[in-house]
Each structure stands twice: as structure tokens, then as C-alpha cells.
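These notes concern the structure reproduced below.
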Amino acid sequence: MKNNLKLKELKDQLSGKSIDERLEILASIFNDKIIFTSSFGIEDQVITHKIFRNNLPIKVVTLDTGRLFPQTYEVFSNTIIKYRKKINVYFPDYMSVEKMVTEKGPFSFYDSIENRLECCRLRKVVPLSRALNGVDCWISGIRASQSDDRGQMDWIEYDEVKHLYKFYPLFDWSLEDVEKFIKDHNIPYNSLHDKGFVSIGCEPCTKAVKPGEDFRAGRWWWENEGPKECGCHVSQA
Ligand code: SF4
């Protein structure tokens, strides 16, 4: 990373450029210290397509929590077959998961927010930290219109806690934009999207939503309080 690079300079450099150009510029600035994390959601598939089709030297990463839908593994498989590229998989620490499931059972996340956050931390947040180790720029598929909280974010940010830049290539895209791009380019996508699943995470913690319901309504639906986030995009000092 260029240590003297400031967020404003980076923004100026990227402003007015296409997504493809932005990704290319960031890849050249950050060299091998730039990654894209995918959960194979519809937005992620657009970004994966752009990275792979343009042969960009950006590491594509996914977190396998061990509790994903079979349909998610199907997209994973179809994606690596279509593009003939590698997707780097990060698993949770097996000893931590073994201890949690031995002590609390396989559905502890339904019992309390604390248990749910513990499971998300072990299966997602810790492996993500491993994936982000040494990384200076993290790309993800967040869109502003997905939630009020996400709408408060910016298309490129500097995370003072994780000490890296975050870039959201599709920040200004609508869901319709995403769906059209997927269709126009014949990109593999998760078939659960056709069954009312919008934000797709782990199988026991995700359900379909009704038209007009909040983007995250199908995640951890039994919780009445707290953020509908796993902690991956929350920076804690
Ligand atoms: Fe565990 Fe559910 Fe979080 Fe997946 S989404 S890590 S199963 S609590």
C-alpha cells in the first residue's frame, strides 16, 4: 500500500470512472493486498464476474461456515467451472466450533442473541479476520438501498479499526440493476433468489421474505432486537 495515500486522493482518482476501471486502478495500487469477499449472493456474482472476466489480480474469498445451503455450494461450483478461476475458502477454527456445538448443541443460535453472535463470530468473523490479515483494500457487494444503515455508508471508506480501505463497487445500484446485469451476462446465481430469498446466509438462519419486506428481514428473523448483521461489517474498537 502507498502509506501516504489518503481517502480523498483515492476518491478523486476513482471518481468518474466505471466500475471496471475502479477495480483495475485499485488492483494496481494495492497489488496483492486487495481482496473481494463473496457469499455468492446476487451482488457478489456481478463483482466476481467483473474480476474474473477482466483477469484482475484481486483475490476472491469466501467464508464456508459449515451451515450453508446446498444451493450456495451449487453457485460456488458453477462459478469456478464457468470462469476457470480459484475462489479461496476460509473455514472456521474446528476446535472452537467443536467446543461450541459440544457444549451448546447445533442450534444454540436460536436461544439468545449472545449465542447467535458467538456462532457468527466463530464461523464468520474470525475466519474473515484471517482472510483480511495484511489486506489494505477490502471489496464487498454492499448496496446503499439494502438497509438504512448501509445507506449511511459511502461507496469507498477507510476503516480506522481494521486499518484498510473498503470499496463497494455496486453501492449505487438498485436490485433491478443487479438482476438485469446477471441476466444480460448469463451469470450463475443462487436459485434461492427466485424463491423469495434476498440476503442469503447460513441455512438455519435465513428464510424467504415477502415482497416489500426489509432486505434483512429473512436473517435471524426470531430476534426482535439488535442489528441484523453478523459482525463482519461492524468495526469494533
Ligand atoms: Fe451461526 Fe447462524 Fe451466524 Fe451462520 S448465520 S454463523 S449458523 S448464527
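Atoms within each ligand, like the ligands themselves, are counted from 1 in listed order. The first residue of the sequence shown is numbered 1, and numbering continues consecutively from there.
- Of the charged side-chain nitrogens involved, at least one lies within less than 4.0 Å of a carboxylate oxygen, so that Asp154 and Lys11 count as a salt-bridged pair.
- Evaluation of the side chain to side chain contact (heavy atoms under 4.5 Å, CB included) rule for Gln71 yields Phe69, Asn190, Ser191, Leu192 as partners, not counting sequence neighbours.
- Here the protein contributes Cys119 SG as N, O or S atoms under 2.8 Å from atom 1 (Fe) of ligand 1.
- Between the side chain of Asp44 and the backbone N or O of Ser39, at least one donor-acceptor pair lies under 3.5 Å.
- Shortest contact from atom 5 (S) of ligand 1 to any protein heavy atom: Trp220 NE1, 3.4 Å.
- When Asn55, Thr48, Thr79 are each tested for a side chain to side chain donor-acceptor pair (under 3.5 Å) with Lys85, only one passes: Asn55.
- Partners of Ile19 under the side chain to side chain contact (heavy atoms under 4.5 Å, CB included) rule, at least two apart in sequence or in another chain, are Leu23, Lys50, Pro169, Leu170, Trp173.
- Every residue two or more places apart in sequence or in another chain that forms a salt bridge (charged side-chain N to carboxylate O under 4.0 Å, His left out) with Lys8 is listed here: Asp12.
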